[in-house]
Structures are given as structure tokens and as C-alpha cells.
Asks: 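Dropping a structure here in C-alpha cells format, bear with me for questions.
Computed from a prediction, not measured in an experiment: that's the story for all the values here. So you know, we letter chains A, B, ... as the sequences are listed, proteins then strands, and number each from 1. Every heavy atom of this structure was used, including side-chain atoms; hydrogens, water molecules and symmetry mates were not.
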Amino acid sequence: MQKYSIFNLIKNAFSGHQKWDLAWKDATPKKEYDVVIIGGGGHGLATAYYLAKEHNITNVAIIEKGWLGGGNMGRNTTIIRSNYMHDDNALFSEFGMDLWRRMSQDLNYNVMFSPRGIINLAHSDAQMNIFARRGNSMRLNGIDAVLLNREEVKEIIPMADFSDNVRFPIFGGLMQPSAGTARHDAVAWGYARQADSMGVDIIQNCEVTGFDVSGGKINGVRTSRGDIKVKKIGLCVAGSTNILAEKLNMTIPVETHLLQACVTEPLKPVLDKVVTFGAGHFYISQSDKGEMVMGGDLDGYNSYAQRGNLPTLQHVLTEGIAMMPFLSKLKMLRTWGGIMDMSMDGSPIIDKTHIEGLYLNCGWCYGGFKATPASGWTFAHTIAQDRVHKLNEGYSLSRFNTGHLLDEKGLGTKTWIS
Amino acid sequence: MLHIKCPHCGMRSQNEFSYGGDATVKRPELNKEISDQEWDNFVYNRKSLRGKHLELWQHLSGCRQWIKVERDTATHEIFKTLKANEDI
């Protein structure tokens with residue numbers, strides 16, 4: 001594989017940049033693999049990369065129904081953070097933050113990781129107390145957290161509404177300075193390029209039509225491009241998890257819902273933090289192109305549509321304008337939707353299943369993008385070693401049966417309640 | 001925007017309704033031995049079908065009745081709406 005460097009950039013300039021190697025090859029499926037990863041999104045690509053890099057398993061195929069990184073990997077709002085209170089979530093996410101910090105060097109691909117900080121706004125004394133508690137929990141787990149009062153928040157984001165007669169005045173906020181954003185597509189492409197260079201086959205336009213299971217064991221997978229013999233399969237399909245679970249006669253504690261996001265026209269730099277509204281569900285950041293990137297609530301009913309409805313968008317943007325009134329002057333550039341695998345306690349599942357050789361990675365709810373490296377790393381470990389890593393012990397499938405739920409937000413099983 | 005035909009009030013906008021989830025989920029019967037698996041299936045496990053999906057909605061800003069709606073989760077087309085005690 002050609003290394004991306006200043007020297008190679010200059011060298012290739014002489015040939016008009018026509019002679020760069022392809023970043024990855026367009027593979028055709030072989031008859032047999034050691035491991036098949038279903039889903040060519042961020043998590044699937046990262047899993048394949050860490051299988052090859054950390055566990056030396058390179059006879060691996062990634063099967064993707066559409067195109068690489070075309071699902072939620074290409075639809076998210078690129079936020080990276082580890083501001084969780086519960087140990088399982090906090091330690092997993094902070095392990096991921098370490099991988100994010102090293103990612104551009106590790107992948108030899110600029111993922112434009114920008115640790116600009118995230119501020120969760122508080123709008124009451126009670127919320128300030130809750131944030132103080134969460135901040136303390138984070139710090140005990142080695143994660144940076146700063147509790148800001150109203151004046152400190154005002155200094156950082158003066159464009160927010162600090163007038164006194166608002167419905168939800170800003171009392172303060174909890175900031176994680178090391179949180180941030182990254183270029184989402186670059187993450188997919190970086191992982192794909194490295195995985196491919198180590199021998200992983202990336203097979204696009206290949207739909208899974210069924211599984212070959214006998215005696216409680218995985219023997220193969222049937223696809224639109226032929227049958228593949230394989231002993232280990234990793235399911236990494238986010239919003240399509242329920243569809244594949246049905247083919248495996250499994251019902252899982254996940255519902256598929258629609259989440260929208262949108263961007264405004266580009267404007268000059270105004271906001272250098274990720275900010276979330278505390279009295280509803282709204283988050284905003286400014287992209288490198290200058291667009292204000294925004295998102296919020298689910299549409300609120302089961303959906304596979306990958307496109308949303310206006311009432312939710314209106315509701316979310318009303319919150320945005322309440323928080324930062326200047327947004328009302330901007331024109332909307334694009335809106336889009338993606339389908340989320342909403343788990344019943346709001347936390348993900350990375351685990352083995354009752355079928356030998358079948359591994360499950362799903363339930364990422366609103367937070368799949370930031371988990372990409374840690375999810376890939378722990379899922380690769382779970383597949384390669386046939387046992388979960390300490391980091392994803394808490395993300396077991398059986399927790400719904402045993403009662404060890406990881407209900408970070410305390411919302412219970414109604415996934416459509418935001 | 002969805003337009004949902006409330007069986008009590010007629011065609012109304014989605015804004016008047018709130019969602020209640022899968023309508024085919026049945027609470028385990030009382031006075032009967034209930035396994036953990038049965039509770040799991042009631043509380044957590046969902047088919048979350050792609051295609052026709054029978055679901056509960058409440059006409060919250062209308063007659064406040066719970067109703068059943070058969071809707072396509074891929075196209076959002078609504079085929080049929082029923083009173084809560086009616087079966088499809």
C-alpha cells in the first residue's frame with residue numbers, strides 16, 4: 001500500500017495525481033472465509049481492521065448490501081465524546097477516545113479529529129446538581145469534566161440566549177474539553193484502506209439473504225452473490241439488525257427508529273464547541289465547511305425509511321432557536337434521516353449469541369459514530385477470542401434477562417421517548 | 001407528515017397523536033406460571049418488522065383514545081386503523 005505522505009504527494013504531483021493506488025480493491029466473494037463481517041459501515045470496517053491488526057486474522061470478508069459507509073456512517077453528526085456516568089459506558093468510551101486521538105497516525109489517513117469540547121447545558125438548579133454528579137463520576141473514571149456556571153458558559157458561547165425572560169434560562173453546563181468531532185467519511189475510508197491492505201475483502205452490493213445454521217452452529221451465509229462457507233460471523237448492521245435477526249429466528253431487545261439531522265448554509269466561524277440543549281433534545285456544532293450541523297429527537301415511531309417527517313424537524317429546530325436565536329436567520333441546506341438500532345436500555349450490545357460462531361454488535365441508539373474504534377476493537381476481540389473483553393462485558397445480550405441494565409438516561413424501554 | 005384516521009374522530013394530523021409501540025405484544029396472563037423468557041419477550045424483545053407493522057397510537061390531543069394502526073415501516077403508508085379492542 002502506498003503511504004500517504006508529503007513525499008508521495010510531491011512525487012505523484014509529477015504524474016498529475018493519476019498514478020495513486022486505489023484505496024481499496026473491489027473484491028468478489030470467495031467460497032470460504034475465516035470470518036465474515038456483515039455490514040460495511042464504520043463498526044464493520046473497524047472490526048475487520050482490528051481483526052487483522054490485533055489478532056492476525058486476515059482471511060476476512062466484509063459484506064455490505066449497499067456501499068461502504070453509506071448508512072449511518074455517512075449520516076451522523078460526527079460527535080465524539082465519553083461523558084458517561086456509568087462505569088461500563090465511561091470506560092468503554094474513554095478507551096475509544098484514546099483510539100480517536102491516535103487514529104489519523106494509526107490509519108495513515110487524516111480523519112480530521114477535532115477535540116473542540118462538548119458542553120451540555122443545564123437549565124435548572126436540579127440539572128446542575130445532576131451534572132455535578134455526572135462530572136464527578138467521569139473524573140473518577142479518568143475522564144476530563146468541567147462544571148461551568150452561567151458566566152463561564154456565556155464567555156464560551158455568547159451567541160446563546162442569556163436573556164432573563166426565556167422559558168429555559170441557561171444556569172450553566174457540563175463540559176468535556178477533550179470531546180469533539182471528526183470527518184466521518186474519512187474514518188470509514190481510513191479503516192477500509194488499511195483493512196484492505198492487510199488482506200480483508202470488502203464486498204459491496206452484496207445482500208445477505210440467509211444463514212446456514214445447523215446443530216446450533218454457524219456454517220455459512222447465503223448472499224445475493226453466492227453462498228459463503230464460514231465458521232464465524234459478526235453482525236454489524238445497526239438499523240438492519242432486526243431484519244437479519246428474523247432470518248436467524250431471533251427476537252432481540254432492539255427496535256428500529258428514524259433519526260434526522262440537518263445542516264444550514266455555511267457561515268463564518270461562530271461556534272467552536274459542540275453544544276447540547278438541556279431542556280429537550282438538540283445538539284449543534286459547526287463543520288469545517290461552516291455549516292451548522294444539528295440533530296435531536298427520533299421521529300418517534302418504528303421506521304426503516306431513512307427519511308424523516310417535518311413535525312419532528314420543526315420540534316427539534318424550535319429547541320435550537322430557543323437556545324441560539326440567531327439560527328432562525330439561517331437557511332436550511334439539507335436534511336436527512338438514518339435508521340437507528342434503539343436498544344431497550346439505551347446502551348449497545350457487543351456479545352456472543354446462543355448460536356455458536358454468531359456474534360452480535362448492535363443497539364447503538366444515538367451514539368454509534370463515536371464508538372466506532374472502541375466497538376471495532378472490542379468486537380474483534382470478542383470474535384477472535386470467542387469471549388468478551390472486559391471493556392464490553394457490560395454490553396451483554398443477557399443483561400435484559402438478568403436485570404443488569406445500563407440505563408444511562410433512565411428512560412426505560414420506551415425507545416421512542418426521547 | 002403522517003395522516004392517521006382515528007376510528008373515533010376521522011382523519012387527523014400526526015401532531016395530535018403519540019406513539020405506543022408494537023400492538024402485538026401481549027402481557028403474560030396472571031394466575032399462571034410465567035417464565036423469565038416470557039417476561040423478556042413482553043418487556044424487551046421486539047420483532048420491529050420492516051413492512052406491515054401493527055402498532056398502538058394514542059389520540060392524545062383529540063379524543064385521547066388508544067387505537068391500533070397498521071402501517072408500513074418502510075414507506076410509512078397507513079393501511080388500516082382500528083379501535084383498541086378490535087382485532088385485525
Asks: In plain terms, say whether A:D345 and A:R399 are close enough for a salt bridge, that is, a side-chain N and a carboxylate O under 4.0 Å apart.
Replies: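 A salt bridge links A:D345 with A:R399.
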Asks: Have A:N392 and A:T382 got a donor and an acceptor in their side chains that come within less than 3.5 Å?
Replies: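 Judged by distance alone, the side chains do pair up.
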Asks: Under 4.5 Å, counting heavy-atom pairs only, tell me which of A:N309, A:T241, A:I243, A:N302 racks up the most with chain B.
Replies: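 Looking at each of A:N309, A:T241, A:I243, A:N302 in turn, A:N302 comes out on top.
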Asks: Suppose we call two aromatic rings close when their centres sit under 6.0 Å apart. Are A:F282 and A:F277 close by that rule?
Replies: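 For A:F282 and A:F277, the ring centres are not under 6.0 Å apart.
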Asks: Mind checking whether A:W364 and A:H43 have ring centres under 6.0 Å apart?
Replies: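 Yes - the distance between ring centres of A:W364 and A:H43 falls below the 6.0 Å cut-off.
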Asks: Quick check on A:S303 against chain B: is it the side chain, the backbone, both or neither that has a heavy atom closer than 4.5 Å?
Replies: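 Both parts, backbone and side chain.
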Asks: Kindly indicate, with the supporting measurements, whether the criterion side-chain contact (heavy atoms from CB on, under 4.5 Å) is fulfilled by A:I38 and A:C236.
Replies: CA-CA 6 Å; A:I38 301 172; A:C236 256; over 6 Å; no
Asks: Name the member of B:S13, B:G20, B:S18 that forms the most heavy-atom pairs with chain A at distances under 4.5 Å.
Replies: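 Ranked by contacts with chain A, first place is B:G20.
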Asks: Find the one option among B:Q37, B:R50, B:M1 whose heavy-atom pairs under 4.5 Å with chain A are most numerous.
Replies: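 Winner by heavy-atom pair count: B:R50.
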Asks: Tell me, for A:L397 versus chain B, whether the close heavy atoms (under 4.5 Å) come from the side chain, the backbone, both or neither.
Replies: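 No part of A:L397 comes within 4.5 Å of chain B.
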Asks: Do the numbers put B:K52 on top of the ring of B:F79, so that NZ or CZ is under 6.0 Å from the six-membered ring centre and no more than 45° off the axis?
Replies: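 Yes, a cation-pi geometry.
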Asks: For residues 80-88 of chain B, tabulate all N or O donor-acceptor pairs below 3.5 Å that involve a side-chain atom, not counting sequence neighbours.
Replies:
residue : atom : partner : partner atom : Å
B:T81   : OG1  : B:K5    : O            : 2.6
B:E86   : OE1  : B:K83   : N            : 2.9
B:D87   : OD1  : B:K68   : NZ           : 3.3

Asks: Count the heavy-atom pairs under 4.5 Å between each of B:D40, B:T75, B:D72 and chain A, then report the option with the highest count.
Replies: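 Most heavy-atom pairs under 4.5 Å with chain A: B:D40.
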Asks: Pick from B:D22, B:N41, B:T73: which one has the most heavy-atom pairs with chain A under 4.5 Å?
Replies: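 Of B:D22, B:N41, B:T73, B:T73 has the most heavy-atom pairs under 4.5 Å with chain A.
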Asks: For a ring pair (Phe, Tyr, Trp, His ring centres under 6.0 Å) with A:W416, tell me which candidate from B:W57, B:Y19, B:F17 qualifies.
Replies: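 Of all the options given, the one that passes is B:Y19.
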Asks: When only heavy atoms count and the cut-off is under 4.5 Å, which of residues 245-261 of chain A reach chain B?
Replies: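 Counting heavy atoms that sit under 4.5 Å from chain B, the residues of residues 245-261 of chain A involved are A:E246, A:T251, A:I252, A:P253, A:V254, A:E255, A:T256, A:H257, A:L258.
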Asks: Quick check: B:H53 with A:Y301 (ring centres under 6.0 Å apart)?
Replies: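 When the ring centroids of A:Y301 and B:H53 are compared, they turn out to be at least 6.0 Å apart.
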